[in-house]
Participant: 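The following block contains the structure, expressed as C-alpha coordinates.
Sequence lines set the chain letters: A, B, ... in the order given, protein chains first and strands last, and positions in each chain run from 1.
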Protein chains: 2
Amino acid sequence: MTHDPRKTFEAARAASTGELLLRAARLLDESALERLRAQPGAPPFRPAHTRLFPHLDFEGVRATELAARLGISKQAVGQLLGDLIEWGMVEQIPDPTDGRARLVRYSSSGAEALSHGLGILAGIEAEVRARLGDQAMQTFREALQTVIDVLER
Amino acid sequence: MTHDPRKTFEAARAASTGELLLRAARLLDESALERLRAQPGAPPFRPAHTRLFPHLDFEGVRATELAARLGISKQAVGQLLGDLIEWGMVEQIPDPTDGRARLVRYSSSGAEALSHGLGILAGIEAEVRARLGDQAMQTFREALQTVIDVLER
DNA sequence: TACATATGGTAAAGCACCCTTTACCAAATG
DNA sequence: CATTTGGTAAAGGGTGCTTTACCATATGTA
(Lines give C-alpha, C1' and ligand atoms only; values in the text may rest on other atoms or scores of the structure.)
Protein backbone atom coordinates (compact mmCIF):
# COMPACT_ATOMS: atom_id res chain seq x y z
CA MET A 1 0.00 0.00 0.00
CA THR A 2 1.58 3.25 -1.12
CA HIS A 3 1.52 6.39 0.94
CA ASP A 4 0.28 9.43 -0.92
CA PRO A 5 1.07 12.64 0.96
CA ARG A 6 -1.73 14.37 -0.88
CA LYS A 7 -4.30 12.01 0.55
CA THR A 8 -2.82 12.59 3.98
CA PHE A 9 -3.35 16.31 3.53
CA GLU A 10 -6.91 15.85 2.57
CA ALA A 11 -7.57 13.58 5.50
CA ALA A 12 -5.91 15.94 7.95
CA ARG A 13 -7.87 18.86 6.56
CA ALA A 14 -11.17 17.10 6.66
CA ALA A 15 -10.53 16.22 10.28
CA SER A 16 -9.65 19.69 11.45
CA THR A 17 -11.75 20.63 14.43
CA GLY A 18 -10.36 24.14 14.06
CA GLU A 19 -12.04 24.59 10.73
CA LEU A 20 -15.30 23.33 12.15
CA LEU A 21 -15.03 25.81 14.97
CA LEU A 22 -14.25 28.74 12.69
CA ARG A 23 -17.03 27.78 10.34
CA ALA A 24 -19.60 27.43 13.11
CA ALA A 25 -18.62 30.77 14.61
CA ARG A 26 -18.72 32.59 11.31
CA LEU A 27 -22.15 31.18 10.58
CA LEU A 28 -23.38 32.14 14.02
CA ASP A 29 -22.00 35.64 13.68
CA GLU A 30 -23.63 36.19 10.31
CA SER A 31 -26.87 34.52 11.25
CA ALA A 32 -27.32 36.38 14.53
CA LEU A 33 -26.60 39.74 12.95
CA GLU A 34 -28.89 38.96 10.05
CA ARG A 35 -31.77 38.00 12.31
CA LEU A 36 -31.09 41.00 14.53
CA ARG A 37 -31.35 43.42 11.64
CA ALA A 38 -34.35 41.65 10.19
CA GLN A 39 -36.39 43.09 13.07
CA PRO A 40 -38.40 46.04 11.73
CA GLY A 41 -36.96 49.31 12.93
CA ALA A 42 -33.78 47.67 14.11
CA PRO A 43 -30.70 49.88 13.92
CA PRO A 44 -28.08 48.88 11.33
CA PHE A 45 -25.88 47.08 13.84
CA ARG A 46 -22.49 46.01 12.59
CA PRO A 47 -20.19 43.40 14.08
CA ALA A 48 -18.13 46.11 15.75
CA HIS A 49 -21.20 47.20 17.71
CA THR A 50 -22.22 43.76 18.85
CA ARG A 51 -18.77 43.20 20.31
CA LEU A 52 -19.50 46.02 22.73
CA PHE A 53 -22.68 44.50 24.12
CA PRO A 54 -21.15 41.91 26.43
CA HIS A 55 -19.28 44.69 28.19
CA LEU A 56 -22.20 47.02 28.71
CA ASP A 57 -24.55 46.91 31.67
CA PHE A 58 -27.10 48.96 33.60
CA GLU A 59 -24.70 50.38 36.14
CA GLY A 60 -22.56 52.21 33.58
CA VAL A 61 -19.04 51.75 32.26
CA ARG A 62 -16.46 54.26 31.12
CA ALA A 63 -15.43 54.38 27.47
CA THR A 64 -11.84 54.04 28.61
CA GLU A 65 -12.68 50.82 30.40
CA LEU A 66 -14.42 49.46 27.31
CA ALA A 67 -11.41 50.36 25.17
CA ALA A 68 -9.09 48.54 27.54
CA ARG A 69 -11.26 45.43 27.60
CA LEU A 70 -11.63 45.31 23.82
CA GLY A 71 -8.01 46.14 23.18
CA ILE A 72 -8.81 49.07 20.90
CA SER A 73 -8.36 52.83 21.19
CA LYS A 74 -10.81 54.90 23.17
CA GLN A 75 -11.51 56.89 20.01
CA ALA A 76 -12.68 53.74 18.26
CA VAL A 77 -14.96 53.01 21.21
CA GLY A 78 -16.19 56.58 21.05
CA GLN A 79 -17.24 56.14 17.43
CA LEU A 80 -19.15 52.96 18.17
CA LEU A 81 -20.80 54.47 21.24
CA GLY A 82 -21.79 57.44 19.12
CA ASP A 83 -23.81 55.11 16.93
CA LEU A 84 -25.39 53.30 19.85
CA ILE A 85 -26.39 56.60 21.45
CA GLU A 86 -27.81 57.85 18.18
CA TRP A 87 -29.84 54.64 17.90
CA GLY A 88 -31.06 54.98 21.48
CA MET A 89 -29.42 51.75 22.63
CA VAL A 90 -27.37 53.34 25.39
CA GLU A 91 -27.27 56.61 27.29
CA GLN A 92 -24.51 58.53 28.97
CA ILE A 93 -24.55 59.93 32.48
CA PRO A 94 -21.85 61.90 34.26
CA ASP A 95 -19.59 59.85 36.46
CA PRO A 96 -20.36 61.06 40.02
CA THR A 97 -16.83 60.23 41.10
CA ASP A 98 -14.97 62.01 38.29
CA GLY A 99 -15.98 65.20 36.52
CA ARG A 100 -14.08 64.26 33.37
CA ALA A 101 -15.63 60.87 32.96
CA ARG A 102 -18.98 59.65 31.71
CA LEU A 103 -20.70 56.37 32.31
CA VAL A 104 -22.44 54.64 29.44
CA ARG A 105 -25.26 52.21 30.16
CA TYR A 106 -28.15 50.51 28.43
CA SER A 107 -31.22 52.67 27.99
CA SER A 108 -34.61 51.12 28.56
CA SER A 109 -35.21 50.73 24.84
CA GLY A 110 -31.68 49.37 24.56
CA ALA A 111 -32.59 46.76 27.11
CA GLU A 112 -35.45 45.65 24.91
CA ALA A 113 -33.19 45.38 21.89
CA LEU A 114 -30.64 43.48 23.94
CA SER A 115 -33.34 41.17 25.18
CA HIS A 116 -34.38 40.50 21.62
CA GLY A 117 -30.80 39.79 20.60
CA LEU A 118 -30.30 37.41 23.48
CA GLY A 119 -33.55 35.76 22.52
CA ILE A 120 -32.15 35.10 19.07
CA LEU A 121 -29.04 33.51 20.47
CA ALA A 122 -31.10 31.55 22.95
CA GLY A 123 -33.30 30.29 20.15
CA ILE A 124 -30.34 28.97 18.23
CA GLU A 125 -28.89 27.49 21.38
CA ALA A 126 -32.15 25.77 22.21
CA GLU A 127 -32.29 24.23 18.79
CA VAL A 128 -28.78 22.88 19.15
CA ARG A 129 -29.56 21.62 22.65
CA ALA A 130 -32.63 19.83 21.40
CA ARG A 131 -30.48 17.84 19.03
CA LEU A 132 -27.56 17.22 21.32
CA GLY A 133 -29.19 16.66 24.66
CA ASP A 134 -28.32 18.39 27.91
CA GLN A 135 -25.27 16.34 28.68
CA ALA A 136 -23.57 16.82 25.32
CA MET A 137 -24.45 20.50 25.52
CA GLN A 138 -22.63 20.75 28.81
CA THR A 139 -19.62 18.98 27.32
CA PHE A 140 -19.78 21.38 24.39
CA ARG A 141 -19.63 24.39 26.68
CA GLU A 142 -16.73 22.95 28.64
CA ALA A 143 -14.87 22.23 25.44
CA LEU A 144 -15.34 25.80 24.26
CA GLN A 145 -14.08 27.08 27.57
CA THR A 146 -11.06 24.80 27.28
CA VAL A 147 -10.28 26.16 23.83
CA ILE A 148 -10.48 29.68 25.21
CA ASP A 149 -8.23 28.77 28.12
CA VAL A 150 -5.64 27.16 25.87
CA LEU A 151 -5.54 30.09 23.49
CA GLU A 152 -5.60 32.81 26.10
CA ARG A 153 -2.67 31.38 27.97
CA MET B 1 -38.59 36.98 46.43
CA THR B 2 -38.49 39.82 43.95
CA HIS B 3 -37.61 39.39 40.35
CA ASP B 4 -34.98 41.79 39.06
CA PRO B 5 -34.90 41.79 35.24
CA ARG B 6 -31.35 43.12 35.32
CA LYS B 7 -30.12 40.09 37.17
CA THR B 8 -31.91 37.90 34.67
CA PHE B 9 -30.08 39.68 31.90
CA GLU B 10 -26.75 39.13 33.51
CA ALA B 11 -27.45 35.46 34.13
CA ALA B 12 -28.64 34.93 30.57
CA ARG B 13 -25.60 36.67 29.21
CA ALA B 14 -23.15 34.77 31.32
CA ALA B 15 -24.73 31.54 30.15
CA SER B 16 -24.65 32.30 26.44
CA THR B 17 -23.00 29.45 24.60
CA GLY B 18 -23.07 31.61 21.52
CA GLU B 19 -20.71 34.11 23.06
CA LEU B 20 -18.39 31.32 24.11
CA LEU B 21 -18.38 30.01 20.58
CA LEU B 22 -17.70 33.39 19.03
CA ARG B 23 -14.97 34.11 21.52
CA ALA B 24 -13.26 30.76 21.00
CA ALA B 25 -13.36 31.14 17.25
CA ARG B 26 -12.02 34.67 17.30
CA LEU B 27 -9.16 33.59 19.53
CA LEU B 28 -8.40 30.63 17.29
CA ASP B 29 -8.46 32.80 14.21
CA GLU B 30 -6.09 35.36 15.69
CA SER B 31 -3.84 32.81 17.30
CA ALA B 32 -3.46 30.62 14.23
CA LEU B 33 -2.69 33.57 11.98
CA GLU B 34 -0.27 34.96 14.51
CA ARG B 35 1.63 31.69 14.80
CA LEU B 36 1.57 31.25 11.04
CA ARG B 37 3.17 34.62 10.44
CA ALA B 38 5.66 34.12 13.26
CA GLN B 39 7.43 31.60 11.04
CA PRO B 40 10.53 33.29 9.60
CA GLY B 41 10.06 34.10 5.93
CA ALA B 42 6.35 33.45 6.10
CA PRO B 43 4.28 35.56 3.71
CA PRO B 44 2.04 38.19 5.28
CA PHE B 45 -1.08 36.06 5.14
CA ARG B 46 -4.30 37.81 5.97
CA PRO B 47 -7.61 36.26 7.00
CA ALA B 48 -8.93 36.63 3.47
CA HIS B 49 -6.12 34.39 2.22
CA THR B 50 -6.57 31.67 4.78
CA ARG B 51 -10.21 31.36 3.85
CA LEU B 52 -9.08 30.19 0.43
CA PHE B 53 -6.93 27.35 1.71
CA PRO B 54 -9.67 24.83 2.48
CA HIS B 55 -10.81 25.07 -1.11
CA LEU B 56 -7.43 24.61 -2.75
CA ASP B 57 -5.89 21.25 -3.60
CA PHE B 58 -3.23 19.60 -5.75
CA GLU B 59 -5.48 18.83 -8.67
CA GLY B 60 -6.33 22.42 -9.44
CA VAL B 61 -9.48 24.55 -9.12
CA ARG B 62 -10.82 27.38 -11.23
CA ALA B 63 -10.99 30.88 -9.80
CA THR B 64 -14.65 30.96 -10.77
CA GLU B 65 -15.28 27.84 -8.73
CA LEU B 66 -13.53 29.39 -5.74
CA ALA B 67 -15.57 32.55 -6.06
CA ALA B 68 -18.79 30.56 -6.15
CA ARG B 69 -17.84 28.53 -3.07
CA LEU B 70 -16.78 31.58 -1.08
CA GLY B 71 -19.70 33.67 -2.21
CA ILE B 72 -17.55 36.54 -3.44
CA SER B 73 -16.78 37.97 -6.88
CA LYS B 74 -14.21 36.32 -9.09
CA GLN B 75 -12.29 39.58 -9.12
CA ALA B 76 -11.91 39.39 -5.36
CA VAL B 77 -10.64 35.84 -5.70
CA GLY B 78 -8.27 37.01 -8.41
CA GLN B 79 -6.73 39.56 -6.08
CA LEU B 80 -6.18 37.02 -3.34
CA LEU B 81 -4.78 34.47 -5.77
CA GLY B 82 -2.42 37.14 -7.08
CA ASP B 83 -0.91 37.40 -3.61
CA LEU B 84 -0.64 33.64 -3.17
CA ILE B 85 1.06 33.29 -6.55
CA GLU B 86 3.44 36.12 -5.73
CA TRP B 87 4.29 34.39 -2.47
CA GLY B 88 4.83 31.08 -4.22
CA MET B 89 2.01 29.33 -2.38
CA VAL B 90 0.10 28.31 -5.49
CA GLU B 91 0.71 28.04 -9.19
CA GLN B 92 -1.52 28.30 -12.20
CA ILE B 93 -1.73 25.86 -15.07
CA PRO B 94 -3.90 26.02 -18.16
CA ASP B 95 -7.10 24.04 -17.93
CA PRO B 96 -6.70 21.25 -20.48
CA THR B 97 -10.45 21.13 -21.01
CA ASP B 98 -11.01 24.85 -21.56
CA GLY B 99 -8.65 27.28 -23.26
CA ARG B 100 -10.06 30.25 -21.35
CA ALA B 101 -9.72 28.73 -17.91
CA ARG B 102 -6.78 28.21 -15.59
CA LEU B 103 -6.42 25.81 -12.73
CA VAL B 104 -4.82 26.99 -9.54
CA ARG B 105 -3.17 24.44 -7.25
CA TYR B 106 -0.73 24.28 -4.38
CA SER B 107 2.91 24.54 -5.37
CA SER B 108 5.41 22.29 -3.64
CA SER B 109 6.58 25.10 -1.38
CA GLY B 110 2.92 25.95 -0.83
CA ALA B 111 2.39 22.42 0.35
CA GLU B 112 5.08 22.88 2.94
CA ALA B 113 3.53 26.09 4.18
CA LEU B 114 0.13 24.42 4.29
CA SER B 115 1.59 21.52 6.19
CA HIS B 116 3.05 23.92 8.70
CA GLY B 117 -0.26 25.69 9.08
CA LEU B 118 -2.11 22.44 9.59
CA GLY B 119 0.50 21.51 12.15
CA ILE B 120 -0.29 24.64 14.09
CA LEU B 121 -3.99 23.83 14.12
CA ALA B 122 -3.24 20.23 15.01
CA GLY B 123 -1.05 21.38 17.90
CA ILE B 124 -3.84 23.48 19.34
CA GLU B 125 -6.30 20.67 18.78
CA ALA B 126 -4.01 18.18 20.52
CA GLU B 127 -3.71 20.45 23.49
CA VAL B 128 -7.47 20.74 23.78
CA ARG B 129 -7.87 16.99 23.32
CA ALA B 130 -5.35 16.32 26.06
CA ARG B 131 -7.51 18.25 28.49
CA LEU B 132 -10.88 17.01 27.34
CA GLY B 133 -10.24 13.39 26.53
CA ASP B 134 -11.12 11.59 23.32
CA GLN B 135 -14.75 11.12 24.11
CA ALA B 136 -15.49 14.74 24.97
CA MET B 137 -13.52 15.76 21.92
CA GLN B 138 -15.77 13.64 19.77
CA THR B 139 -18.82 15.20 21.39
CA PHE B 140 -17.32 18.61 20.77
CA ARG B 141 -16.92 17.92 17.07
CA GLU B 142 -20.45 16.60 16.78
CA ALA B 143 -21.78 19.65 18.56
CA LEU B 144 -19.93 21.96 16.18
CA GLN B 145 -21.34 20.06 13.24
CA THR B 146 -24.82 20.37 14.73
CA VAL B 147 -24.41 24.13 15.07
CA ILE B 148 -23.34 24.31 11.45
CA ASP B 149 -26.29 22.19 10.37
CA VAL B 150 -28.76 24.31 12.30
CA LEU B 151 -27.41 27.56 10.93
CA GLU B 152 -27.00 26.42 7.35
CA ARG B 153 -30.51 25.15 7.09
C1' DT C 1 -1.55 77.61 46.39
C1' DA C 2 0.50 77.06 41.91
C1' DC C 3 2.01 74.29 38.51
C1' DA C 4 3.26 70.15 35.99
C1' DT C 5 1.50 65.97 34.68
C1' DA C 6 -1.77 62.31 34.06
C1' DT C 7 -6.24 60.94 32.67
C1' DG C 8 -11.09 60.89 30.39
C1' DG C 9 -12.89 62.21 26.37
C1' DT C 10 -13.60 64.33 21.64
C1' DA C 11 -12.58 65.69 16.61
C1' DA C 12 -10.71 64.98 12.24
C1' DA C 13 -7.97 62.77 9.07
C1' DG C 14 -6.22 58.79 7.20
C1' DC C 15 -5.07 53.87 6.47
C1' DA C 16 -5.43 48.77 5.75
C1' DC C 17 -8.38 45.37 4.55
C1' DC C 18 -11.72 43.20 1.72
C1' DC C 19 -14.77 43.54 -1.04
C1' DT C 20 -17.77 45.51 -5.35
C1' DT C 21 -18.62 47.79 -9.68
C1' DT C 22 -17.59 48.87 -14.29
C1' DA C 23 -15.27 47.77 -18.22
C1' DC C 24 -12.97 44.92 -21.02
C1' DC C 25 -10.60 40.74 -23.61
C1' DA C 26 -10.40 35.97 -25.25
C1' DA C 27 -12.09 31.48 -25.82
C1' DA C 28 -16.10 28.43 -25.88
C1' DT C 29 -20.81 27.39 -27.11
C1' DG C 30 -25.02 27.26 -29.59
C1' DC D 1 -21.96 34.93 -35.62
C1' DA D 2 -24.25 36.18 -31.37
C1' DT D 3 -24.03 34.89 -26.72
C1' DT D 4 -22.04 32.91 -22.71
C1' DT D 5 -18.27 32.04 -19.80
C1' DG D 6 -13.40 32.44 -17.62
C1' DG D 7 -10.53 35.79 -16.47
C1' DT D 8 -8.20 40.44 -15.88
C1' DA D 9 -7.71 45.61 -14.84
C1' DA D 10 -8.76 49.73 -12.53
C1' DA D 11 -11.32 52.41 -9.58
C1' DG D 12 -13.93 53.00 -5.62
C1' DG D 13 -16.53 52.19 -1.24
C1' DG D 14 -17.71 50.42 3.48
C1' DT D 15 -15.83 48.91 7.80
C1' DG D 16 -13.03 49.28 11.63
C1' DC D 17 -9.66 50.72 13.23
C1' DT D 18 -5.23 54.24 14.24
C1' DT D 19 -2.82 58.57 14.54
C1' DT D 20 -2.49 63.30 15.61
C1' DA D 21 -4.24 66.96 17.94
C1' DC D 22 -6.73 69.02 21.26
C1' DC D 23 -9.76 70.29 25.59
C1' DA D 24 -11.19 69.75 30.42
C1' DT D 25 -10.80 67.81 34.84
C1' DA D 26 -7.91 65.41 38.44
C1' DT D 27 -4.00 64.57 40.91
C1' DG D 28 0.54 64.87 42.82
C1' DT D 29 4.11 67.92 44.29
C1' DA D 30 7.19 71.97 45.24
Participant: Under the 3.5 Å rule, do the base of C:dC18 and the side chain of B:Q79 count as making a donor-acceptor pair?
Facilitator: no
Participant: Would you please test B:Q145 and B:D149 for side chain to side chain donor-acceptor pair (under 3.5 Å) and show each step?
Facilitator: CA-CA 6 Å; B:Q145 191 58 57; B:D149 290 345; 3.2 Å; yes
Participant: Cut-off 3.5 Å, no hydrogens considered: what does the side-chain donor-acceptor table look like for residues 24-35 of chain B, sequence neighbours left out?
Facilitator:
residue : atom : partner : partner atom : Å
B:S31   : OG   : B:R35   : NE           : 3.2

Participant: Scan for salt bridge (charged side-chain N to carboxylate O under 4.0 Å, His left out) pairs involving residues 70-89 of chain A, sequence neighbours excluded, and state none if there are none.
Facilitator: A:R46-A:D83
Participant: Calculate the interatomic distance between A:L80 atom CG and C:dG9 atom P; express it in whole Å.
Facilitator: 15 Å
Participant: Rounding to an integer number of Å, can you tell me how far B:D83 CG sits from C:dC17 C1'?
Facilitator: 11 Å
Participant: May I ask you to decide if B:E142's main-chain N or O and B:T146's side chain share a donor-acceptor pair within less than 3.5 Å?
Facilitator: yes
Participant: Give the minimum heavy-atom separation between B:F53 and B:Y106, together with the two atoms involved.
Facilitator: O-OH, 2.9 Å
Participant: Any chance you could list the contact pattern along nucleotides 25-30 of chain C? Use B for base contacts, S for sugar-phosphate-only contacts and - for none, protein heavy atoms under 4.0 Å, 5' to 3'.
Facilitator: -BBS--
Participant: Going by side chain to side chain donor-acceptor pair (under 3.5 Å), name the residues that satisfy it together with B:T97, two or more places apart in sequence or in a different chain.
Facilitator: B:D95
Participant: Regarding B:Q79 and B:Q75, is there a side-chain donor-to-acceptor distance under 3.5 Å anywhere?
Facilitator: no
Participant: Using a cut-off of strictly less than 4.0 Å between a heavy atom of the residue and any atom of DNA chain C, enumerate the qualifying residues of residues 63-77 of chain A by number.
Facilitator: A:A63, A:T64, A:K74, A:Q75
Participant: Answer yes or no: are there more than 12 heavy-atom neighbours, outside A:E152 itself, under 6.0 Å from its atom CD?
Facilitator: yes
Participant: Do you know the tightest heavy-atom contact between B:S107 and B:G88?
Facilitator: OG-O, 2.5 Å
Participant: Regarding B:E65 and B:R69, does a basic nitrogen lie under 4.0 Å from an acidic carboxylate oxygen?
Facilitator: yes
Participant: Chain A on DNA chain D: first and last contacting nucleotide, 5' to 3', under 4.0 Å to a heavy atom?
Facilitator: D:dT15 to D:dA26
Participant: Given that B:A101 and A:R46 both sit by DNA chain D, which one's nearest nucleotide is further toward the 5' end?
Facilitator: B:A101
Participant: Using a strict threshold of under 4.0 Å (side-chain N to carboxylate O), is an ion pair present between B:R105 and B:E91?
Facilitator: yes
Participant: Tell me the interatomic distance from B:L81, atom CG, to C:dC18, atom P, rounded to whole angstroms.
Facilitator: 14 Å
